[in-house]
Number of protein chains: 2
Amino acid sequence: MAASRQESKPSPERIFNTMVAFQETEALKAAIELDIFTAIAEGANTAKSLAAKTGASERGMRILCDYFTVKQFLTKKTNQYSLTEESATFLNRHSPACLGSMIDFLASPWSRKNFGALAEAVRQGGTASETGDHRKAHEEVWVNFARSMAPLTIPAAEFIAGLTGAAEAKPSKVLDIAAGHGMYGITVARRNPRAEIVAVDWPAVLEVAKENAKKFGVAERYTARPGSAFEVEFGNEYDFVLLTNIFHHFDPPTCEKLMRRVHQALDPAGKAITLEFVPNEDRVSPPMAAAFSLVMLAGTDQGDAYTFAQYEKMLGNAGFAKTTLHPIPDVPQQVLISEK
Amino acid sequence: MAASRQESKPSPERIFNTMVAFQETEALKAAIELDIFTAIAEGANTAKSLAAKTGASERGMRILCDYFTVKQFLTKKTNQYSLTEESATFLNRHSPACLGSMIDFLASPWSRKNFGALAEAVRQGGTASETGDHRKAHEEVWVNFARSMAPLTIPAAEFIAGLTGAAEAKPSKVLDIAAGHGMYGITVARRNPRAEIVAVDWPAVLEVAKENAKKFGVAERYTARPGSAFEVEFGNEYDFVLLTNIFHHFDPPTCEKLMRRVHQALDPAGKAITLEFVPNEDRVSPPMAAAFSLVMLAGTDQGDAYTFAQYEKMLGNAGFAKTTLHPIPDVPQQVLISEK
C-alpha cells in the first residue's frame with residue numbers, strides 16, 4: 001500500500017487501514033486496561049518507568065507507546081512520552097471528562113458479536129443476534145451500558161437540563177424513560193432543586209441509576225419505576241418526558257406505540273424531549289448520525305437512525321401537535337422537542 | 001463527542017471513533033463477502049437492485065451502502081450509489097489491483113485472537129498466543145496468508161525483479177525464502193526468462209506458490225523446497241536470495257542465524273534482498289512501518305520492526321560486508337540489499 005495518498009493515483013492505504021481498523025480498538029482497549037494514559041499523567045514517561053508502574057514488560061510498553069505516538073494520542077521526545085491535549089482530557093482517569101470506561105460497552109463482546117455477523121444482518125435486514133428485540137429485557141447489555149457510557153452524556157445532559165427550565169427552578173415532574181445510567185434525569189435534578197425525577201428501565205439497570213442519583217446528591221427526588229417502557233405504569237401530568245437514545249432501537253409502529261404512552265403521561269403543557277441521531281434526508285450526512293444506522297442494523301431487529309421527517313410523522317401520528325429540532329453544540333445527536 | 005474538531009478545544013470524536021474502529025473492519029468484511037463493490041461496478045446501483053443481485057435485503061443494503069458513502073468508499077446521488085476511484089481500483093473484483101481477499105488474512109480469527117489478548121502481550125513482552133514461535137510451522141496461518149495476500153505484492157515484487165537485473169535476462173539462480181504465495185520469486189521469473197527459482201516454505205504453503213507459478217507460466221523454472229528456513233538444505237551459489245517479510249517474526253539472534261545460512265548459500269557475488277518494514281531511529285515514523293511493531297508484539301514471541309541500524313548490525317554479524325537501504329515508490333516497506 002502507498003505510504004501517502006496522491007491526487008493523481010488512488011492508493012490502497014485507506015482500504016488497508018480499514019481492514020486492520022480492529023487493531024486500533026484493541027490497542028486502545030489494552031492501553032485503557034493497563035491505564036497508561038493515567039500513568040503518564042502521573043509522571044511515568046518512559047517505557048521503563050511505565051512498565052514498572054503498570055506491571056508490564058518494558059518491551060511491550062515501548063511498542064504500545066510508540067504505536068500511540070504514531071496514532072497521535074502521545075508524543076515522543078528522546079524516549080519520553082507525553083499526553084496530547086486530547087488524551088490528557090479524555091483518557092486520563094484523573095480528568096473529569098475521561099471516557100475510558102466507554103470501551104467496555106462500545107467494544108463489548110455483545111457489540112463485537114453483532115458486528116461479527118454483519119453480512120448476515122445485511123442479508124436479513126436486521127441483526128443476526130438473538131438480542132435484537134429491545135422491547136425485551138437484555139439486562140446484562142444495559143447494565144454494562146449504564147456502567148460504561150455515562151461520560152459521554154455531559155454536554156447533552158446539560159443542554160437538556162437547560163431546556164427543562166432548570167435555571168428558573170420551577171417545580172417539575174420529569175419522567176426519564178430508558179434512563180440507563182440516569183445521567184440525563186439526574187442532571188436535570190442537579191440543576192433544578194425543585195425537579196422530581198421518575199426513572200424507568202429494567203430493574204438491574206435502575207440500580208446503577210439509583211447509585212448515580214445518590215452519588216450526585218439527588219436520591220431523595222429520584223424514584224425508580226422498574227419495568228418495560230411499553231408496559232409499566234408511567235403515572236401522569238409530567239412536565240417533561242426524556243426519551244434519550246431509545247427510539248432508534250425500534251421500527252416506526254413500535255416507536256409510535258411508545259410515543260402514544262408518552263403523550264398520555266404528559267401534562268397538557270408538557271413536552272417530550274427526545275435525544276437522537278438524526279441524519280439528514282440524504283441519509284449519508286452528518287457522518288456520525290448517518291453511520292449510526294449500521295449500529296442498529298448490526299444489533300437490532302428493526303431499529304434505525306430516523307430522519308427529522310420520519311420523527312415528525314411518527315410523533316404526529318402519536319398525537320403530538322408540533323415537533324422542533326435542536327442541534328447541540330459539539331454533540332453529534334440532536335434534540336427534538338414535542339408539544340401536545 | 002463533538003461533530004467536528006476545533007483548534008481551541010479537544011474533541012472526543014477521534015477517541016470514540018477508535019473505540020468503534022472494529023466496526024469499520026466488520027463493515028468492509030461484510031461488503032467484500034456480499035461483493036457489493038463488484039455488483040455496483042456491474043451496474044446494480046440502488047439498494048433495491050443491489051439487494052436483488054446479492055441476495056440481501058433492501059433495507060440492509062441501503063444501510064450498508066449509506067455507511068460506505070459516509071466513509072467515502074461510495075458516492076450517493078438520489079438513491080444511486082457509485083464507486084469512487086479508490087473502490088473501483090481496489091475493491092471491485094474485476095480490477096487487477098483488487099485487494100478484497102486480503103481481509104481474510106488481515107482480519108482472520110487468528111489475527112483477531114492475537115490482538116484480543118494485546119494487554120497480556122504488553123505485560124509479557126510477546127504474544128499471549130501459542131503460535132508465537134515462527135520457527136515452527138503454523139501451516140493454517142500461512143496457507144491463509146498465501147491465499148489472501150498476493151495482491152499487495154505487485155509494486156514491491158516488480159521493484160525487486162528490477163533489482164535482480166531481470167531486464168538483462170542474465171541466468172540467475174534465485175532462492176525465495178518463506179515464499180508464501182510465491183509472488184516475489186514468480187515475478188522475478190516472469191520478468192527474467194533465464195531465472196530459476198527455488199522456493200522454501202512449509203509444504204502446504206508451497207502448494208499455493210506452485211499453483212501461482214503454474215498460473216503465471218513459470219512452473220518449469222520453479223522448484224519447491226519444503227521445510228523450515230532454519231533447517232532445510234538451501235543449496236548454494238545463488239545469485240539472489242529473497243527474504244520478504246520474514247525477519248520481523250524473530251528476535252535478533254534468530255535473524256542472524258538465518259542470515260548466516262543465507263550468506264553461505266549465496267555466490268560470492270550474490271546479494272541478499274530483504275523486504276521489510278523499517279522504522280526510523282525514532283521508532284515512531286514513518287507511520288505504517290513504525291506501527292507494524294504492534295502487529296509483531298500481538299502475534300509473535302519476540303518479533304519486531306527493526307531499524308536500519310539494527311539490520312546493518314545483524315547482517316554484519318552474519319558476515320555481510322555491506323547493506324544498503326532502498327525505498328520503494330508507493331510502498332510502506334523498504335528493500336535492503338546485502339553484499340558478501
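As a basis for the values below, the full set of heavy atoms in this structure was taken, side chains included, without hydrogen atoms, waters or symmetry mates. In what follows, chains are A, B, ... by sequence order, proteins preceding strands, each numbered from 1.
Under the 4.5 Å side-chain criterion, counting only non-hydrogen atoms from C-beta, Y67(B) is not in contact with L297(A).
When every heavy atom of S11(B) is checked against every heavy atom of F90(A), the shortest pair comes out as C-CE1, 3.4 Å.
Looking at R123(B) and E33(A), a side-chain N of the basic residue comes within less than 4.0 Å of a carboxylate O on the acidic one, giving a salt bridge. Ionic pairing of R62(B) and D304(A) is present here: one or more N-O contacts between side-chain nitrogen and carboxylate oxygen are shorter than 4.0 angstrom.
The most heavy-atom pairs under 4.5 Å with chain B, out of S293(A), A31(A), A56(A), come from A56(A). Here Q72(A) is the residue among Q72(A), K77(A), E58(A) with the most heavy-atom pairs under 4.5 Å with chain B. Between chain B and the residues V122(A), V284(A), V20(A), the largest count of heavy-atom pairs under 4.5 Å involves V122(A). No other option in I32(A), L64(A), T89(A) has as many heavy-atom pairs under 4.5 Å with chain B as L64(A). The candidate with the highest count of non-hydrogen atom pairs below 4.5 Å against chain B, out of T69(A), I154(A), T18(A), is T18(A).
With rounding to the nearest 0.5 angstrom, the CD1 atom of I103(A) is 5.0 Å from the CE atom of M19(B). F22(A) contributes atom CZ, which lies 12.5 Å from atom CD of E24(B) (distance to the nearest 0.5 angstrom). To the nearest 0.5 Å, the span separating CE on M102(B) from CD1 on I15(A) amounts to 9.0 Å. The CZ atom of F68(B) sits 8.0 Å away from the CG atom of L294(A) when rounded to the nearest 0.5 Å.
There is no contact between A289(A) and chain B, counting heavy-atom distances below 4.5 Å. For F73(B), the parts lying near chain A are the backbone and the side chain together; criterion is any non-hydrogen pair under 4.5 Å. Neither the backbone nor the side chain of P286(B) comes within contact range of chain A; no heavy atoms are under 4.5 Å apart. Only the side chain of L28(A) comes within less than 4.5 Å of a heavy atom of chain B; its backbone N, CA, C and O stay farther away. Contacts between L34(A) and chain B at a heavy-atom distance below 4.5 Å involve the side chain alone, from C-beta outward.
The backbone N or O of N79(B) sits nowhere less than 3.5 Å from a side-chain atom of R283(A) that would complete a donor-acceptor pair.
Here salt bridge (charged side-chain N to carboxylate O under 4.0 Å, His left out) pairs that include residues 91-108 of chain A, with residues two or more places apart or in two chains, are D35(A)-R93(A).
A search for side-chain contact (heavy atoms from CB on, under 4.5 Å) contacts involving T127(A) returns N114(A), S129(A), D301(A), not counting sequence neighbours.
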Audit row: L152(B), F16(A), side chain to side chain contact (heavy atoms under 4.5 Å, CB included) steps and yes/no: CA-CA 10 Å; L152(B) 206 62; F16(A) 183 89; 4.1 Å; yes
